Peer 1: 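Before we start, here is the structure in question, set down as structure tokens.
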Amino acid sequence: MSTHKPIDIEGALRKLTVPDIRARKRRDGAEPLVCLTAYTVLTARLLDAHTDLLLVGDSLGMVIYGLDTTVGVTMDMMIAHGQAVMRGAKRSCVIVDMPFGSYQESPEIAFRNAARIMKEVGCAGIKIEGGVEMAATVKFLSERGIPVLGHVGLMPQSVNTAGGFKAQGRGEAEAEKIVEDAKALADAGAFAIVVEGTMEPIARRITDEIDVPTIGIGGSPACDGQILVTEDMAGLFTEFKPKFVKRYMDLGAGLAEAARLYAEEVRTGAFPSDEHCFGVKKKDHR
């Protein structure tokens with residue numbers, strides 16, 4: 001097990017907190033943050049020992065529900081999956097995405113919805129997308145006891161405005177806008193910032209120029225941490241593979257093969273056998 005997990009005075013591992021994440025700036029000698037998404041209790045249990053932060057991402061709309069984008073995800077979806085992840089995560093810091101439409105209208109509405117998520121899920125904080133335009137909301141939430149994970153660069157909830165899932169920051173003006181966005185969120189009180197789908201030098205520059213940790217996804221190895229969608233990383237989601245994804249296993253192919261073997265044995269009568277049935281005596285093979 002990694003040694004970066006905090007240990008309490010009795011020597012037991014304790015749950016990571018937002019201040020723990022906030023303190024993990026690599027230039028201060030900290031290890032890179034290890035972050036993954038989780039949507040179910042089983043996944044949370046499997047990932048918990050290996051991650052610092054588990055994000056209940058609105059990517060569940062695409063991965064779990066088969067939606068084309070994250071725009072259709074609801075508060076009820078996020079809360080239900082957040083509750084499941086909290087049952088499985090004993091050590092990692094759990095953050096829940098606020099879905100599209102739940103925070104953009106005003107800081108007050110954002111607070112009301114964020115407070116509902118915090119109360120019903122019991123998570124450590126929430127994540128919202130947006131830069132300069134969301135800074136006032138981030139400040140409003142942070143000052144009222146709701147930790148905020150920011151998100152700049154490629155923002156999936158704005159896919160309709162952006163015209164698709166495209167890398168950001170190719171031009172000088174666009175690059176400067178992303179840097180400005182990140183600085184505004186950091187100044188407003190975000191405890192860390194996800195930098196997604198940007199040109200590598202931009203993510204590197206943001207990491208150098210702000211005092212809170214950056215978490216890259218299609219960003220830069222210089223970021224203070226990295227995050228991937230677990231189903232992408234493990235080869236369970238195969239509809240498409242973004243450039244920034246590395247598949248560490250092909251669990252999707254393994255699951256399909258297990259289903260094929262099961263179906264074959266059911267159809268041939270090989271399963272279930274006596275050993276899988278109750279009240280059947282073992283055969284005497286003498």
Side-chain angles (χ1 to χ4, degrees), residues 1-5 7-8 10-16 34-68 70 72-97 117 120-124 227-242 245-286:
M1 184 181 296
S2 167
T3 59
H4 61 261
K5 296 285 188 179
I7 298 177
D8 65 20
E10 296 180 350
L13 287 170
R14 66 172 175 82
K15 197 172 187 67
L16 279 159
V34 178
C35 314
L36 285 168
T37 60
Y39 317 118
T40 68
V41 63
L42 175 60
T43 304
R45 286 173 179 163
L46 292 171
L47 303 179
D48 192 37
H50 309 289
T51 54
D52 302 305
L53 184 149
L54 288 175
L55 174 66
V56 186
D58 59 359
S59 49
L60 63 83
M62 303 167 76
V63 174
I64 303 295
Y65 292 93
L67 302 178
D68 291 332
T70 63
V73 173
T74 67
M75 283 282 290
D76 287 343
M77 286 180 186
M78 297 310 306
I79 288 170
H81 287 276
Q83 290 170 337
V85 169
M86 284 299 295
R87 295 183 194 111
K90 305 304 179 187
R91 296 166 179 165
S92 296
C93 182
V94 176
I95 303 297
V96 176
D97 257 334
I117 290 174
E120 296 187 28
V121 174
C123 54
I227 188 168
L228 285 176
V229 172
T230 295
E231 285 73 7
D232 286 340
M233 178 274 296
L236 280 168
F237 184 77
T238 57
E239 293 298 314
F240 60 89
K241 178 178 175 291
V245 169
K246 179 176 180 179
R247 285 188 178 144
Y248 288 83
M249 286 193 178
D250 193 358
L251 298 186
L255 180 59
E257 176 62 8
R260 186 193 69 79
L261 292 171
Y262 165 72
E264 180 180 286
E265 290 202 354
V266 169
R267 290 173 180 136
T268 61
F271 178 85
S273 62
D274 288 351
E275 66 180 301
H276 304 111
C277 297
F278 298 101
V280 178
K281 293 182 179 180
K282 292 183 179 179
K283 293 180 180 178
D284 188 346
H285 298 288
R286 291 182 296 175

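Here the structure is a predicted model, which is why all the values come from computation and not from measurement.
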Peer 1: Taking C-beta and beyond as the side chain, do M78 and V73 meet within less than 4.5 Å on heavy atoms?
Peer 2: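 They are in side-chain contact.
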Peer 1: What closest approach, in Å, do R91 and A49 show between heavy atoms, and which atom pair accounts for it?
Peer 2: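 Nearest heavy atoms, R91 then A49: NH1-CB, 4.2 Å.
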Peer 1: For K90, does its backbone N or O pair with a side-chain atom of D48 as donor and acceptor, under 3.5 Å?
Peer 2: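 Judged by distance alone, yes, a pair lies under 3.5 Å.
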Peer 1: Are the side chain of T37 and the backbone N or O of L55 linked by a donor-acceptor pair below 3.5 Å?
Peer 2: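 Absent.
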Peer 1: Donor-acceptor pair, distance only, cut-off 3.5 Å: does the side chain of S92 make one with the backbone of T51?
Peer 2: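 Judged by distance alone, yes, a pair lies under 3.5 Å.
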Peer 1: What heavy-atom pair brings A44 and A89 nearest, and what distance separates the two atoms?
Peer 2: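 Shortest heavy-atom contact: CB-N, 4.0 Å.
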Peer 1: Enter the distance from D97:CG to H81:NE2 here, rounded to the nearest 0.5 Å.
Peer 2: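 These two atoms lie 12.5 Å from each other.
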Peer 1: Measuring from L228:CG to L36:CG, what's the distance to the nearest 0.5 Å?
Peer 2: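 Between atom CG of L228 and atom CG of L36 there are 6.5 Å.
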Peer 1: Could you pull out the closest heavy-atom pair between K15 and M86, with the gap in Å?
Peer 2: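 Closest pair (atom of K15, atom of M86, distance): CE-CE, 4.4 Å.
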Peer 1: Side chains of V56 and V94, heavy atoms from C-beta outward: is any pair under 4.5 Å?
Peer 2: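 With C-beta onward as the side chain, the pair touches.
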Peer 1: Would you find a donor on one side and an acceptor on the other, under 3.5 Å apart, between the side chain of T70 and the backbone of S59?
Peer 2: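 No, T70 side chain to S59 backbone: no donor-acceptor pair under 3.5 Å.
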Peer 1: So how far is it from I95 CD1 to C123 SG, rounded to the nearest 0.5 Å?
Peer 2: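 So the gap between those two atoms works out to 6.5 Å.
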Peer 1: Nearest 0.5 Å, what's the CG-CD1 distance between D58 and I64?
Peer 2: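 It is 12.5 Å, given to the nearest 0.5 Å.
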Peer 1: Using 0.5 Å steps for rounding, measure from the CD atom of E231 to the CG atom of L60.
Peer 2: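 The distance works out to 9.5 Å.
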Peer 1: Looking only at non-hydrogen atoms, find the nearest pair between F237 and R247 and report the distance.
Peer 2: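 Minimum heavy-atom contact is O-NH2, 3.2 Å.
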Peer 1: Tell me whether K246 contacts the main-chain N or O of M233 through its side chain, where contact means a donor paired with an acceptor under 3.5 Å.
Peer 2: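 No; zero donor-acceptor contacts below 3.5 Å.
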Peer 1: ring-ring contact (aromatic ring centres under 6.0 Å, His included) with Y248: which residues, sequence neighbours excluded?
Peer 2: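 Y248 satisfies ring-ring contact (aromatic ring centres under 6.0 Å, His included) with no other residue.
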Peer 1: Whether the side chain of T43 engages the backbone of Y39 through a donor-acceptor N/O pair (distance < 3.5 Å, no angle test) should be reported.
Peer 2: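 Answer holds: no.
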Peer 1: Just how far is it from atom CG of L47 to atom CG of L54, taken to the nearest 0.5 Å?
Peer 2: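 The CG atom of L47 sits 6.0 Å away from the CG atom of L54.
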Peer 1: Any side-chain heavy-atom pair from E265 and L261 closer than 4.5 angstrom?
Peer 2: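 Answer no - side chains too far apart.
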